[in-house]
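When a ligand or atom number is given, it counts from 1 through the structure's own listing order. Residue numbers start at 1 and run along the sequence shown.
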Amino acid sequence: MALTAVKGCNDILPGESGRWQYIEQTARRVFELNGFGEIRVPIMEKTELFCRSIGDATDIVEKEMYSFIDKGENSVTLRPEGTAGVMRAFIERKLYAEDPIAKLYYMGPMFRYERPQKGRYRQFHQIGAEITGVNDPLADAQVLNMLTLFFREIGLTEPTLQINSLGCHECRPAYRSTLRGFLEERMDHLCDDCKRRFATNPLRTLDCKVPGCVEMTVGAPSVLDHLCSGCNDHFSRVRRYLDLSSTPYSINSRMVRGLDYYTRTTFEMVTGLLGSQSAVAAGGRYDGLISQLGGPNIPGIGFAMGLERIALLISNQEFASFPDLFIATMGSGERDVAFHLMDGLLKSGIRVEMDYEGKSLKSQMRRADKLKSRYSVVIGENEAATGRASFKRMSDGIQTDIPLTINAIQLLIGKSQQ
Ligand code: ATP
Ligand code: MG
């Protein structure tokens, strides 16, 4: 039987990886501009970390985790998201001892046992960023501005920013019971998931995509009407900072996030272009998470964005790159000259391809075309002897006779020493 990849896990092939590198490089540039440094944490963590942070009653922990018992009888889990591991490292490595304000970013694969479809996979990739140690809404606004700048730099006007506040441990319980009262009367019309979540996580019903649940929650009490004065003040200051920066956003009081640790500001970057996979990036404040994981009482805020979904949004952009020069040879005697020349040019930053197999000149030229090389040159006995050759610009066929030296070729091809 032929071996295939695990369901929902993708290969990113060379033609596609340029797009991924562009997304990753743009994120690094924008995040580092904002003072964030990269942290690399393991892909595997103890299962307990995710249960304690994401929450036992969430979709992720209930049904999506890749957990297994290793040979030492430990329960480990392939990370379903990045924040938990980053905060585990922040606490374990005492990053806060020197400065409670840490600005960290990460990128890499995440794993969730989901039903694979366009924009939803079992191994997928996130780029995320976190700021710890700042209570002030200034941090919320900087994170949101950074996210907005990232999407602008990547060349997208979609997706758009939606924000909400989920309150804190002071005001959310009261809202939760008000909402529960509202849902109780409509219980019969809710989907099975929402019925089940009614006791543990009723807020998720606001976010349920099942049409009946959407209909039943029209007119549900808004979390924004139930914020305590501290949360209310925080949310209005976040909005004021966004206004000050002319960052476009809308308020979506029905947005609830699928992870328990969020408090106050939550947000999503949403697009209408990917069907029900509408969230391209998402995040929020998590003021209780670090202490809940056994660390000091330090607040935090962050987000994660999905690379696959961003790659889909920029799939019309071209990222391929082509050789500068293809060196063809007439006979085997010139292959040493060609190889030596290629080596020198590669060391000078010129991208060169040559014939590897001693094929006919015709098939070598076909390959130069196929690779979309900008220039080609044929080295025969005469060229090898005189040290000069004719370089052909492939776009218009114009030939230029120059010496076979690195400098002359650099000058012609228009690339300076790198
Ligand atoms: P969704 O509502 O689409 O399931 P989510 O709320 O589970 O998203 P988060 O856990 O907040 O998503 O993750 C942040 C981002 O990671 C999402 O906005 C999305 O772009 C991406 N993402 C999440 N799950 C997947 C997946 N299974 N495949 C691809 N990308 C994903
Ligand atoms: Mg999900």
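Among the candidates Asn252, Thr247, Leu242, the single residue satisfying the side chain to side chain contact (heavy atoms under 4.5 Å, CB included) test with Ile163 is Leu242.
For ligand 1, none of its N or O atoms has an N or O atom of Glu268 under 3.5 Å away. Ligand 1 has a nitrogen or oxygen under 3.5 angstrom from a nitrogen or oxygen of Glu114.
Here the side chain of Thr77 pairs no donor or acceptor atom with the backbone of Arg79 at under 3.5 angstrom. Listed for the Arg19 side chain is no donor-acceptor partner under 3.5 Å among the backbone atoms of Phe319.
When non-hydrogen atoms are compared, ligand 1 lies under 4.0 Å from the side chain of Gln126 (C-beta onward) but not from its backbone. With a 4.0 Å cut-off on non-hydrogen atoms, Arg309 touches ligand 1 through its side chain and not its backbone. In Ala281, the part holding a heavy atom less than 4.0 Å from any atom of ligand 1 is the backbone. Contacts with ligand 1 closer than 4.0 Å are made by backbone heavy atoms (N, CA, C, O) of Val280 only, the side chain lying farther away.
For the residue pair Asn164 and Thr266, no side-chain donor N or O sits within less than 3.5 Å of a side-chain acceptor on the partner. Judged by distance alone, the side chains of Thr26 and Glu153 never bring a donor and an acceptor atom under 3.5 Å apart.
Counting only residues at least two apart or in different chains, side-chain hydrogen bond (donor to acceptor under 3.5 Å, both in side chains) contacts with residues 127-142 comprise Asn34-Gln142, Thr83-Glu130, Glu130-Tyr286, Asp136-Arg237, Asp140-His234, Asp140-Thr265, Asp140-Arg285. Sorted by first and then second residue, the pairs that involve residues 155-199 and meet ring-ring contact (aromatic ring centres under 6.0 Å, His included), not counting sequence neighbours, are Tyr175-His226.
The ring of Phe31 has its center closer than 6.0 angstrom to the ring center of Tyr105. You'll find the ring centres of Phe90 and Tyr96 inside the 6.0 Å limit.
Each of the following atoms of ligand 1 lies closer than 4.0 Å to a heavy atom of Ala282: 11 (O). Heavy-atom proximity to Ala304, at under 4.0 Å, picks out these atoms of ligand 1: 14 (C), 15 (C).
Looking only at heavy atoms of the protein, atom 18 (O) of ligand 1 is closest to Ala279 O, 3.0 Å. The single protein non-hydrogen atom nearest to atom 28 (N) of ligand 1 is Tyr121 N, 2.9 Å, given as residue, atom name and distance. Looking from atom 9 (P) of ligand 1 to the surrounding protein, the closest heavy atom is Arg257 NH2, 3.4 Å. Of all protein heavy atoms, the one lying nearest to atom 22 (N) of ligand 1 is Phe124 CE1, 3.5 Å. Among protein heavy atoms, the minimum distance from atom 10 (O) of ligand 1 is reached at Arg112 NH2, 2.7 Å. With respect to atom 21 (C) of ligand 1, the closest heavy atom belonging to the protein is Gly306 CA, 3.7 Å.
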> Can you list the steps and then say if Arg309 with Lys118 is a side-chain contact (heavy atoms from CB on, under 4.5 Å)?
Replying inline: CA-CA 9 Å; Arg309 294 187 193 176; Lys118 185 178 174 193; over 6 Å; no

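At least one heavy atom of Arg120 lies less than 4.0 angstrom from ligand 1.
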